[in-house]
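Reviewing the structure listed below.
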Amino acid sequence: MKTWWKRSSLKLRLAVWHAAATTVVLAVFADFVYEVVEHRLAAEIDRQLRIDFDLIEAQLETDAGGSIHWLVQGAHGEEGFARLSAWFDVWSEDKQLLLRHWPVRESEIKSPLPAPLGAALRFQTIELEPSLPVRLMERPARVRERGVIVRLFRDESEMRRTLRQIVEVFALGLPLAVFLSSLGGYLIAGRSLAPVAAMAGQARKITSESLSERLPNPNPHDELGQLAVVFNQTLQRLEGSFTELKRFTADASHELRTPLTALRSVGEVALRQPDDPAALRETIGSMLEEAQRLNDLIESLLTLARMESGKVRLQPEPIRVPEFLNEVRDSLSVLAAEKQQTIELAGDGDVVQTADRGLLRQAVLNIVHNAIRYAPSRSRITVRCSRRNGAAIIEVADEGPGIAPEHRQRIFDRFYRIDQARSRAEGGHGLGLAIAKWSVEHQGGRIEAESEVGKGSVFRIVLPAR
Ligand code: ADP
């Protein structure tokens, strides 16, 4: 049952729920109607009984012998009784039957009648026979100062018939109403869910090759429309990621192929003149250089892959920034010395910032390395630290060629190089700033570039106070 329920379509399940709800509501309503009608009819019989009582009490008389008579008034004789449509009997206070006026003989009544209880007014429904329910009213009365008990009866079968008819109408009408309402519910559910089927059909056709397709969305305002909007947004993000991934793979392959091609052609040229030791030495030197480039590229790619994997855990620690920058300068001093550049440290001497040392080092190294690469020989590079509005700021200023505004944001993209030929000659793969940006942003900071073409650039790392 449970698996059937789970396997059946949403449309069917909605219809079943609808039918169940309709049944409960209609059943409660039918019960309410039945109760109200029954109460009204019963109250009406009781009211009639009270009227009968008043009439009969006024028409009872005692004679000299003390026996009770019923004086049927008017010219209609016994008709009065017939019109009354009531039967009654009169009992003495010590429960002796004094008078009985019934339309049937007592012998015809199969079930024995209960004796009066006396004392107080009471109503009771009794079954004289299975098909003869009667309503009984019992009430003490006075006939010329004599205390008696009068009991009146009224046939309840008419009322029972009416109630039975109501039950029959409900018994027929209720299932019909539930059926029609469920059918309506099923059709409405079908209509409402039709777009879901259309969406599912369309979604099934979308593959990694057709991520540009979108789900149909006739009404973006309803719930299904919102689902389609969210799904389409997901598709759009997926498409973006796929495009980026494809571009990244193409760029990475291209970058990997270049040093490999260089390695091979240098090797092939050397093979043609195997007897010249000086030329061979030079060949091996440039092959090692290419191998180093390959190594650097693979290192960068691995770093990026690690970053993308989401597994890089931050290990924040308080860092004395001036000392930290000094260490960075030391590790790049050989490169700077090769170009006779000076790296100057400036700014506050006591800036302490909580950050992940490894990531921050990677970022600052890449930026200062760029300054060394792209600024001319004998130029000056200034690395400055300060604190502004609670944030720690590290600025690297160079006297290089600067970066034109159209490139300023794109230099942080992977494999983006302003001058392909020149950058390659100087050893960049276009990944350094992408890695620096990720390293800074991953710890809540930001990185920005300012530059004046021809004069130099300033790269700024801003780390918010923790
Ligand atoms: P690369 O490894 O090529 O240096 P980066 O991501 O570090 O890659 O830098 C991207 C590009 O931004 C570089 O190719 C270069 O054109 C430009 N660039 C980076 N730093 C500087 C700088 N200090 N001065 C001028 N141009 C720079």
Side-chain angles (χ1 to χ4, degrees), residues 244 247-248 250-259 262 289-290 292-308 325 328-329 331-332 335-336 338-344 346 359-384 393-442 446-461:
E244 202 178 315
R247 204 181 56 217
F248 179 77
D251 286 346
S253 320
H254 179 75
E255 290 295 325
L256 284 167
R257 206 171 45 214
T258 314
E289 222 170 82
E290 289 300 334
Q292 183 59 43
R293 276 181 58 81
L294 255 181
N295 199 52
D296 291 348
L297 175 59
I298 287 167
E299 280 289 327
S300 298
L301 287 175
L302 284 177
T303 307
L304 273 177
R306 225 176 17 250
M307 289 170 170
E308 296 280 279
L325 293 177
V328 174
R329 173 171 67 173
S331 53
L332 290 171
L335 291 176
E338 273 178 16
K339 288 181 79 175
Q340 297 166 20
Q341 291 161 323
T342 47
I343 304 179
E344 248 174 41
L359 288 183
L360 188 60
R361 188 181 148 79
Q362 179 97 60
V364 180
L365 262 179
N366 287 2
I367 291 172
V368 179
H369 194 180
N370 276 351
I372 296 172
R373 261 188 204 151
Y374 300 109
S377 300
R378 282 188 280 281
S379 63
R380 179 201 310 257
I381 296 162
T382 313
V383 182
R384 180 188 303 274
I393 294 169
I394 300 172
E395 282 175 332
V396 179
D398 65 44
E399 297 169 349
I403 301 156
E406 66 269 24
H407 298 298
R408 222 162 280 160
Q409 273 314 308
R410 301 200 59 196
I411 50 173
F412 293 101
D413 292 349
R414 293 164 185 180
F415 297 111
Y416 189 79
R417 289 177 301 214
I418 298 174
D419 181 341
Q420 299 283 342
R422 201 190 67 168
S423 296
R424 184 179 304 288
E426 290 172 24
H429 295 287
L431 293 176
L433 285 179
I435 292 173
K437 182 174 152 80
W438 188 92
S439 305
V440 172
E441 287 180 352
H442 192 56
R446 65 174 197 276
I447 190 165
E448 42 196 45
E450 271 173 23
S451 182
E452 207 175 318
V453 178
K455 287 216 167 148
S457 319
V458 179
F459 281 82
R460 186 176 304 116
I461 293 174

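Reckoned from all heavy atoms, side chains included, excluding hydrogens, waters and symmetry mates. First listed ligand is number 1; within each ligand, the first listed atom is number 1.
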If you compare all heavy atoms of [X] against all heavy atoms of [Y], which two are closest, and at what distance to 0.1 Å?
X: R378; Y: Q341; answer: N-CG, 4.0 Å
X: I447; Y: A436; answer: CD1-CB, 4.1 Å
X: S451; Y: S457; answer: OG-OG, 3.4 Å

Ligand 1 atoms in contact with [X] (distance to a heavy atom under 4.0 Å):
X: L433; result: 5 (P), 6 (O), 7 (O), 9 (O), 19 (C)
X: N370; result: 4 (O), 5 (P), 7 (O), 9 (O), 19 (C), 20 (N)
X: G430; result: 1 (P), 2 (O), 3 (O), 6 (O), 8 (O)
X: L431; result: 6 (O), 8 (O)
X: R417; result: 3 (O), 14 (O)
X: S457; result: 24 (N)
X: G432; result: 5 (P), 6 (O), 7 (O), 8 (O)
X: R373; result: 1 (P), 2 (O), 4 (O)

Would you mind telling me if ligand 1 is within reach of the side chain of I403, the backbone, both or neither, using heavy atoms under 4.0 Å? side chain
Which bit of H429 is near ligand 1, meaning a heavy atom under 4.0 Å away: side chain, backbone, both or neither? backbone
For R414, is there an ion pair with E255 - N to carboxylate O distance below 4.0 angstrom? no
Let me confirm one number: the CD1-NZ distance from I411 to K437, rounded to the nearest 0.5 Å. 10.5 Å
Report the member of I381, I418, D398 with the shortest heavy-atom distance to atom 23 (N) of ligand 1. D398
Options F415, F459, Y416, ranked by nearest heavy atom to atom 10 (C) of ligand 1, top entry: Y416
Is it the case that more than 12 heavy atoms not belonging to Q409 sit under 6.0 Å from its CD atom? no
Just wondering, more than 12 heavy atoms not from E289 lying within 6.0 Å of its CD? no
Does R414 come within less than 4.0 angstrom of ligand 1, counting non-hydrogen atoms of the residue? no
Are any of the N/O atoms in A434 less than 3.5 Å from those in ligand 1? no
Regarding N295 and E299, do their side chains bring together a donor and an acceptor under 3.5 Å, going by distance alone? no
Just say parallel, tilted or perpendicular for the rings of F459 and F412, cut-offs at 30° and 60°. perpendicular
